[in-house]
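Below is one structure, written out as structure tokens, with a few remarks after it.
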Amino acid sequence: MDIKLKVRRQNPEADDKPFWKDYAVEVPEYYTLLDALLKVREEVDETLALRCSCRSHICGSCGMRVNGHAALACKTKLSDIDQGAVTVEPMGNMPVIRDLVVDLEPFWNKLYSIKPYLQPATDPPEREYVVPNDTMFHLDGVVNCIMCGACVSDCESLSVNPIFIGPTALAKEYRFVADPRDAADRERLTQMNGPGGVWDCTHCFQCVEVCPKDVAPMERIMAMRRMMMDMGMEQNNGAKRANAFMDLVGSYGRLDETRLLMRSVSGLGELMSFSKVGLRALWKGKLPPLRPHRIAGAPAVRRILERARNQRPRRFKVHQAQEEGVRA
Amino acid sequence: MPYEVVHQDVLVIGAGGAGLRAAVAAAETGVQVGVVTKSLLGKAHTVMAEGGVAAAFGHMDGQDTWQVHFQDTMKSGHFLNNAHMVELLTREAPDRVLELEGWGALFDRTETGEILQRAFGAHSFRRLAHVGDRTGKELIRTLQNRAVHQGVAVYPEIIITRLFRDARRIAGALGYRRADGRFILFRTPTVIVATGGWGRLYSVTSNSWETTGDGANLAFSVGAELVDMEMVQFHPTGMLWPPGVRGLLVTEGVRGEGGLLYNADHERFMTRYDPERMELSTRDVVARAISSEVAAGRGTPHGGAWLDISHRGAPFILRKLPGMRDQFLQLADVDITRQPMEIAPTVHYMMGGVRVDPDTCATAVVGLYAAGEVAAGVHGANRLGGNSLADLLVFGRRAGLAAAAEVRDDPQLSEIAETEVQLAIAEALAPLGRTAGANPYAIQADLRRTMSQYAGLIRTGTGLTQGLERVRALQRQAVSLQVTGGPAFNPGWNLALDLQAMLVLAEAIFVSAIERTESRGAHFREDFPREDPAWGRFNLITTRGGEGGLRVRREPVVGAEPAAARTERPATASSGGPGRPGGSGGSGGSGGSGGSKEADQT
């Protein structure tokens, strides 16, 4: 089949300005985008720079934006996407070194800042740690991360908030927080409770969408938020908003956006900063009613919420089990 | 030309499993360690290891001991293995695995919470600790995190082009940054080469893009010796279709978990080749069996065999082989929970490589160590599945400890003449300066075809001679390679430098394969189809001869048996104790007769 690749390139040895270059190549049906790019490199333009290594979506080197979204080139089959014109760009939220190669140093620095290693309470036991199987299974998905950077590339929050530590690092943080052998969960969560931490996620689902390994970083972020609130870390806008949300829905059976805002912010000053938004909403006739309206089935909604609250997965920590064992 | 200078006590080249394990071991003793890698951290070929790490815990089968593991390994290696290395490997592997677990690695567990072990080809017992089918990824991730924890300095995307030494010892390494082409000189009294294999010499390989053998060539160029270079492992089950993914690994774990091999006539053909072990025979046997079936006209549509695991049911497959399922679904439109996989042999592993001292991984050059796939000795003529991950943990650690000890005993840094550095920089830059010359991509394609055609699964004397001539012709062309563009992230330039290593190692494979006039393990000669006991007593050592050519010589196999085996079987050869290889050589070999007790369980 004939395909047209529209590749965004950039050369630091020339003027370093991005430019588009089209490549028309004939490739077999089964080709992946990586196959096609390598064909271009070997037969058309040997200077086209990209990273790749394993060809089987396990090393995570060939992350790039394909038709606007981050993906692994080796996992993108050309027959699955529109072949009319495939746009290929370097990943987002990272500086470009050359063509499709981005500078991952900020990515690594954020990843290493979370102390991505086990911090047990005591020296490891002589044999393996013995833990219930079901307390480990849930880590299976999150250890799948291949550190390709796709989630960071497409993170909406990072694009406007560079101090956000980002989905890769947070998924990794969860991997240790939720590991029964790690004893530093409280310190880890306390650190992630501050600026740049879990509350900076805007819940846009991009990281879940683009992750080639189904790590679902956003779900890990949400899980850590719940753990923090369970530990009593509630003095921040995010936790206050979550509490207010549950409270209001529990009371009225629906959301009351006015009160949600009032209860989420800290102090009048911050509330006033929303006045412009409020005025615009009023002008457009979109201001929520000032007096809440209780729906008929509110008690039933409350019962649903309570049942959901009680269905949290069991948390198990080796060091806590040991302490309890000693006390018993 | 200016360059940056960095000092390290221990410089590790390569950030795969062996390199990271070496770095961690050295750093734990308190010396300064740097790891330089030509790709990014965590992307090395180790990440692709699937099935597991062999360690005789005996969790599943209580009779398993390191001695049985030793015997399995020696037998599978057709007794070309260095027995002392095999003893170290099998004795120490369980501790190395537990250590990883202590650092945070996840392993699949038994019902009672012990590390679960799976069956694998030619292991007498269920022996491979694993996490689904992504053991290598978990291993490298754990080591990477541990290295960060230990304060190891990581230098990503730097390609080392030259090692320096003086008359006494290693002095440093020169490399350039991929990002901008700037040169960097590492001044260090010790270097550990852990760059993996050279599977990319072949057109069909399971190996990642980066496995071009740079480290083996670097070590060889300063005086280290190569051993058993003719021993190239073909993994029986590589993906076959579509061609874009041809060669990608299908883990032996599929057969370990009950996968069955069929030919086009739906016949379990392994009954003809190894009726006892069937699918779980050694890799050399299964690979040749598949090739024989295809040659006899019983191959699948694209010229391979069928591998079927669907009878184990979807829930089991999704839990134990999720990566395989994903790989086939994504890349081949095959759902392995319902359909068989079409497979064929693929170049997978180099048993041969840099010759090292068993205890310390020291090479013939003082200050230079090698560990992991780049080193040789432990796997003999055919590697057992799962022994590679064990190898890189056991010998990575040993290399790291030995290098750190050497630095403490003798921190004196050797000199490097400035003219030598400038010369090395000029040589590296040469392909960028030429206006005409050979194209590296064309030479690489030719080389890979040549290797697959003449140094493949089935070899002949005439074919090998033709292949060698072709490689030498390519070497002459590669003297004046030419690439377009500048030094900043220039893939053509990187390849031009990779080719220097690839062409040397290709030649070494041919000269060794021509010399070994028998068939043994992975090395099969149609003109000498039988194993010759006389040849079983020798390893082949490759060195540089006069006028740039390579020279091959025989040396007796180091045939010591382990201490415990000695108590069972008193008549043995002497131990291959510490010392540098390449001097007096090993003791006389009883290798051909060692530990061949037939295990009764598969």
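Just so it is clear: chains get the letters A, B, ... in the order the sequence lines come, proteins before strands, and each one is counted from 1. On a predicted model such as this, the values are computed, not experimentally measured, just so you know.
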*asked:* With chain A as the partner, which of B:Ala179, B:Ala442, B:Gly323, B:Ser208 has the greatest number of non-hydrogen pairs under 4.5 Å?
replied: B:Ser208

*How long is the span from the CZ atom in B:Phe489 to the CD atom in A:Gln10, to the nearest 0.5 Å?*
13.5 Å

*asked:* Atom CD of residue position A:Glu105 - does it have more than 12 heavy atoms of other residues, nucleotides or ligands inside 6.0 Å?
replied: no

*Mind checking whether B:Gln144 and A:Met147 have side chains closer than 4.5 Å, heavy atoms only?*
yes

*Does a side-chain heavy-atom distance below 4.5 Å link A:Lys77 with B:Asp333?*
yes

*In Å and rounded to the nearest 0.5 Å, what is the OG1 to CH2 distance from A:Thr47 to B:Trp493?*
15.0 Å

*chain B interface, residue from A:Glu43, A:Lys213, A:Arg51, A:Gln119 that has the most non-hydrogen pairs under 4.5 Å*: A:Arg51

*If you count heavy-atom pairs under 4.5 Å between each of B:Pro94, B:Gly113, B:Gly486 and chain A, which one has the most?*
B:Gly486

*asked:* Counting heavy-atom pairs under 4.5 Å with chain A, which one of B:Val154, B:Leu41, B:Val131 comes out on top?
replied: B:Leu41

_Nearest 0.5 angstrom please: A:Ser56 OG to B:Gln327 CD, how far?_
5.0 Å

*asked:* Under a 3.5 Å distance rule, please check whether B:Arg141 uses its side chain to pair with a backbone N or O of A:Val143 as donor and acceptor.
replied: no

_Assess whether a salt bridge exists between A:Glu128 and B:Arg109, defined as any Lys/Arg side-chain N lying under 4.0 Å from an Asp/Glu carboxylate O._
no

*Please state whether the side chain, the backbone, both or neither of A:Lys172 comes within less than 4.5 Å of a heavy atom of chain B.*
side chain

*Which one, B:Leu495, B:Asp326, B:Val483, B:Ile140, leads in non-hydrogen pairs under 4.5 Å with chain A?*
B:Asp326

_Taking CZ in A:Arg127 as the centre, count heavy atoms belonging to other residues, nucleotides or ligands within less than 6.0 Å. Is the count above 12?_
yes

*asked:* Could you check whether atom CG of A:Asp214 has more than 12 heavy atoms from other residues, nucleotides or ligands sitting under 6.0 Å from it?
replied: no

*Shortest non-hydrogen contact from B:Asn490 to A:Glu46?*
OD1-O, 4.4 Å

*Is chain B contacted by the side chain of A:Pro116, its backbone, both, or neither, given a heavy-atom distance below 4.5 Å?*
both

*asked:* Restricting to non-hydrogen atoms, name the atom on A:Arg181 and the atom on B:Leu106 that form the minimum distance, rounded to 0.1 Å.
replied: NH2-CD2, 3.3 Å

*asked:* Which heavy atom of A:Ser53 sits nearest to which heavy atom of B:Glu210, and what is that distance?
replied: OG-CG, 3.4 Å

*Backbone N or O of A:Cys59 within a donor-acceptor pair of the B:Lys137 side chain at under 3.5 Å?*
no

*Might you confirm whether atom CD of B:Glu28 has over 12 heavy atoms from other residues, nucleotides or ligands at distances under 6.0 Å?*
yes

_Most contacts with chain B, counted as non-hydrogen pairs under 4.5 angstrom, among A:Ile97, A:Thr32, A:Asp179_ = A:Ile97

*asked:* Please rank B:Pro243, B:Ser39, B:Gly492, B:Gly244 by heavy-atom pairs under 4.5 Å with chain A and give me the top one.
replied: B:Pro243

*For atom CD of A:Glu209, is the number of surrounding heavy atoms from other residues, nucleotides or ligands below 6.0 Å larger than 12?*
no

_Check ion pair B:Arg134-A:Asp140 (N to O, under 4.0 angstrom)_ = yes

